[in-house]
Amino acid sequence: MTVRTRFAPSPTGYLHVGGARTALFSWLHARKHGGVFVLRVEDTDRERSTAESVNAILEGMTWLGLEYDEGPFYQTERFDRYRAVIQQLLDEDKAYHCYCSKERLNSLRVEQLKNKQKPRYDGHCRDRRDSPSGSVAPVVRFKNPPDGNVVVNDLIKGRVVFSNTELDDLIIARSDGSPTYNFTVVVDDMDMEITDVIRGDDHLNNTPRQINILNALGAATPAYAHVPMILGADGQRLSKRHGAVSTMQFREEGFLAEALLNYLVRLGWSHGDQEVFSIDEMIKLFDINNVQRSAASFDREKLLWLSQHYIKTSDRAHIAHHLSRHLGQLNVDPTTGPALVDVVDALRERAKTLVEMAQTSAVYYRGFKGYDEKDASKFLKPEILGALTDLQERLALVSDWTAEAIHQVIQETADAHGLKLGKIAQPLRVAVVGRAVSPPIDVTLTLVGQERTLEALDKAQIYIRQREVGPT
RNA sequence: GUCCCCAUCGUCUAGUCGGCCUAGGACACAGCCCUUUCAAGGCUGCAACAGGGGUUCGAAUCCCCUUGGGGACGCCA
């Protein structure tokens with residue numbers, strides 16, 4: 001039997017990291033077993049579902065590369081099917097119309113809470129035969145078995161036993177006839193022949209109800225795997241209104257999708273001491289049975305570390321491609337300076353995100369406005385003027401502008417003036433990029449280019465002379 | 001309140017049939033080394049089995065209780 005998993009988000013917001021991880025696990029599980037990954041949009045709540053949310057979720061999945069094999073299926077397009085199954089249940093006396101008013105339900109609930117009981121429907125209409133012609137439009141409730149146990153053999157949590165006496169007759173169709181969540185999931189998982197249901201563990205409590213409905217329908221029960229929640233850095237559950245950021249937000253912040261994926265897969269799952277996983281390795285090594293049973297906290301620092309790792313090790317053209325997007329957001333035109341791949345090579349070891357890389361590489365395309373004050377006053381000093389002038393003359397003579405050639409010239413100049421390399425490299429750095437931090441000075445000069453380097457040196461000398469005569 | 005789940009360094013985790021654990025790795029943090037800046041890299045350090053009972057020759061690993069987190073209890077999904 002081929003493995004079939006599904007990711008079933010409800011389009012009431014963007015795709016956040018918790019959902020993304022659940023999707024990743026489902027996808028991985030399907031891929032590992034050569035199975036099928038289905039995407040299903042659970043939009044039966046028409047009040048809150050929006051097309052924008054659907055797009056946001058699809059966009060997030062695409063960015064992460066979690067491609068689905070079937071779907072997306074929309075539950076709102078399957079209402080006929082749900083109606084038919086509800087009718088079938090009604091015909092077989094496995095469901096019934098309930099005419100209880102919301103007021104009655106509410107007072108029942110209040111009463112139960114007062115008696116320290118779990119609030120649940122008391123089965124008032126379960127055996128009624130009449131259909132009152134009153135004003136209350138009926139809902140349809142499922143006849144849950146009154147006793148016995150339901151056992152869930154969860155792939156992650158292990159064996160979990162629920163007593164039917166804890167369950168009540170849940171509503172499967174609202175008074176307007178529309179089906180509810182616990183019912184549509186069951187019908188869909190059955191129709192779509194889902195073999196492995198992988199979802200957040202907030203659904204563990206729904207599972208016995210769903211199994212009961214599945215049984216009533218004579219359908220086989222799939223395997224279940226309930227993955228723990230992701231908590232925020234404060235230990236609180238991550239939710240849309242509490243710290244959960246959109247998956248796409250990570251792209252905006254300059255993370256590579258592979259870094260996020262790697263971070264997510266290690267959140268709750270591990271393979272010995274291994275920290276870095278390529279997509280292929282994840283597929284090969286991932287095992288749903290090895291997923292942690294407890295919740296995990298989201299740690300941005302570690303994500304940042306992985307981000308840096310991928311920036312450091314990924315193909316230069318790949319990074320350049322994604323970097324250009326962030327450069328664009330800074331209104332930097334990458335065609336006005338050094339080749340992007342060279343900038344990537346120079347900066348990849350000193351950027352944790354692409355946004356950071358874009359910011360520090362901007363200077364190679366549009367120059368800089370003014371010197372960093374502290375750095376200028378520390379390095380652009382009169383005593384270095386002679387060496388700088390000499391250096392400029394020597395650099396002007398360089399015919400092949402390579403890091404090696406540049407390095408040799410700088411070293412020679414330093415030697416000629418009895419200076420250590422750093423003594424001349426720092427002033428040069430400030431002259432050329434405006435501050436005392438940049439990649440190795442020879443590499444930096446290749447990025448800046450010979451012409452602009454010489455110009456920068458002119459300005460630096462002018463600056464130093466002015467400073468010399470100016471008031472201190 | 002009732003039911004369900006969970007519990008190893010600050011964080012992610014290793015620890016699979018109890019002994020190889022004076023509990024390992026990674027992130028973060030601190031120090032040192034390297035060094036033309038910043039990084040990167042190397043080395044070292046800091047730091048945990050929630051508590052209490054059992055079972056056993058022996059428990060982080062099994063059982064129970066307590067405590068602490070989380071979840072569910074909707075005509076939301």
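In what follows, chains carry the letters A, B, and so on, assigned in the order in which the sequence lines appear, proteins first and then strands, with residues in each chain numbered from 1. Nothing here was measured: the structure is a model prediction, and the numbers come from that model.
Less than 6.0 angstrom separates the ring centroid of F25(A) from the ring centroid of F286(A). Side-chain rings of F142(A) and F183(A) stay apart, their centers remaining 6.0 Å or farther from each other. Aromatic ring centroids of Y310(A) and W305(A) lie 6.0 Å or more apart. For H16(A) and F298(A), the ring centers sit 6.0 Å or farther from each other.
Figure legend. U2(B) is base-paired to A72(B); pairs are counted as Watson-Crick or G-U wobble with both atom distances under 3.5 Å. If you check A7(B) for Watson-Crick or wobble pairing at under 3.5 angstrom, you find it paired to U67(B). Nucleotide A39(B) forms a pair with no other nucleotide shown, judged by Watson-Crick or G-U wobble geometry with both contacts under 3.5 Å. Of the nucleotides present, none pairs with U61(B) by Watson-Crick or G-U wobble criteria with both distances under 3.5 Å.
Salt-bridge formation is not detected for the pair R48(A)/D43(A): no Lys NZ or Arg NE/NH1/NH2 atom is positioned less than 4.0 Å from an Asp or Glu carboxylate oxygen. Electrostatic pairing of K302(A) and E275(A) counts as a salt bridge here, judged by a charged N lying under 4.0 Å from a carboxylate O.
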Give each protein N/O atom lying under 3.5 Å from an N/O atom of nucleotides 63-68 of chain B, with the pair distance.
none

Restricting both atoms to N or O, compile the protein contacts to nucleotides 28-37 of chain B shorter than 3.5 Å, with distance only.
| residue | atom | partner | partner atom | Å |
| --- | --- | --- | --- | --- |
| U36(B) | O4' | G422(A) | N | 3.4 |
| U36(B) | O2 | R429(A) | NH2 | 2.7 |
| U37(B) | O4' | Q426(A) | OE1 | 3.0 |
| U37(B) | O4' | Q426(A) | NE2 | 3.2 |
| U37(B) | O2' | A436(A) | O | 3.0 |
| U37(B) | N1 | R429(A) | NH2 | 3.4 |
| U37(B) | O2 | A436(A) | O | 3.4 |
| U37(B) | O2 | S438(A) | N | 2.9 |
| U37(B) | O2 | S438(A) | O | 3.0 |
| U37(B) | N3 | R429(A) | NH1 | 3.1 |
| U37(B) | N3 | S438(A) | O | 2.5 |
| U37(B) | O4 | P440(A) | N | 3.0 |

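Shown here for G123(A) and Y96(A), the closest heavy-atom pair between the two residues is CA-OH, 4.1 Å. Smallest separation of non-hydrogen atoms from E281(A) and S278(A): OE1-N, 2.9 Å. Of all the heavy atoms in S26(A) and T5(A), the pair that sits closest is O-OG1, 3.0 Å.
Put simply, R109(A) has a side-chain N or O that comes within less than 4.0 Å of OP1 or OP2 on G74(B). Side-chain N/O atoms of S297(A) include one lying less than 4.0 angstrom from OP1 or OP2 on C12(B). Within the structure, a side-chain polar atom (N or O) of T44(A) is placed less than 4.0 Å from OP1 or OP2 of A77(B). One finds a side-chain N or O of R293(A) lying less than 4.0 angstrom from the OP1 or OP2 phosphate oxygen of C6(B). Contact annotation: Q292(A) does not reach the phosphate of A7(B) (side-chain N/O to OP1 or OP2, under 4.0 Å).
Contact annotation for E42(A): backbone-only contact, meaning every heavy-atom pair under 4.0 Å involves sugar-phosphate atoms and none involves a base. When heavy atoms are screened at a 4.0 angstrom cut-off, D176(A) is found touching no nucleic acid atom at all. H226(A) comes within 4.0 angstrom of nothing in the nucleic acid, heavy atoms only.
Atom CH2 in W269(A) sits about 18 Å away from atom P in U16(B), given to the nearest Å. When rounded to the nearest whole Å, the span between OH of Y74(A) and P of A77(B) equals 17 Å. If you measure from atom CZ of R209(A) to atom C1' of C3(B), you get 11 Å, rounded to the nearest angstrom. Counting to the nearest Å, the P atom of U11(B) and the CG atom of L304(A) are 19 Å from each other. We find that CG of L285(A) is positioned 15 Å from C1' of A14(B), with the value rounded to whole Å. Atoms OH (Y121(A)) and C1' (C3(B)) sit 21 Å apart, rounded to a whole Å. Rounded to whole angstrom, the span from the CZ atom of F162(A) across to the C1' atom of G71(B) amounts to 11 Å. In this structure, the CD atom of E275(A) is 16 Å from the P atom of U11(B), given to the nearest Å.
Under a cut-off of 6.0 angstrom, the local environment of CD in E373(A) is sparse, with at most 12 non-hydrogen atoms contributed by other residues, nucleotides or ligands. Within 6.0 Å of NZ in K32(A) there are more than 12 heavy atoms belonging to other residues, nucleotides or ligands.
Separation of the C1' atoms belonging to U13(B) and C21(B) is 16 Å when rounded to the nearest angstrom. Here, U16(B) and G53(B) have their P atoms 25 Å apart, quoted to the whole Å. When the C1' atom is used for both U56(B) and U44(B), the distance is 40 Å, rounded to whole Å. When the P atom is compared between A26(B) and G42(B), the two are found 10 Å apart, to the nearest whole Å. Comparing the P positions of G69(B) and A30(B) gives an interatomic distance of 31 Å, to the nearest angstrom. With both ends at atom C1', the span from G19(B) to G58(B) equals 6 Å, rounded to whole Å. Spacing between A14(B) and A50(B) at atom P, rounded to whole Å, works out to 15 Å. For the C1' atom pair drawn from G51(B) and C75(B), the interatomic distance equals 45 Å after rounding to whole Å.
Two residues, G158(A) and G268(A), neighbour RNA chain B, and the one matched to the more 5' nucleotide by heavy-atom proximity is G158(A). Of the two residues contacting RNA chain B, namely L105(A) and D273(A), the nearest-nucleotide position lying further toward the 5' end is that of D273(A).
The nucleotide whose nearest atom lies closest to any side-chain atom of L204(A) is, among G25(B), C4(B), A77(B), C4(B). Among the nucleotides G1(B), A77(B), C75(B), the one closest to any side-chain atom of V139(A) is C75(B). Listed candidates were G1(B), U13(B), G25(B). Nearest to the side chain of S270(A) is U13(B). For E349(A), counting side-chain heavy atoms from C-beta on, the closest listed nucleotide (A39(B), U2(B), C5(B)) is A39(B). With A7(B), G71(B), G25(B) as the choices, the nucleotide that has an atom nearest any side-chain atom of N205(A) turns out to be G71(B).
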R40(A) vs E42(A), salt bridge (charged side-chain N to carboxylate O under 4.0 Å, His left out): CA-CA, chis, key distance, verdict:
CA-CA 6 Å; R40(A) 182 171 77 223; E42(A) 312 218 320; 3.0 Å; yes
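Atom CG of L24(A) is separated from atom CH2 of W269(A) by 9.5 Å, given to the nearest 0.5 angstrom.
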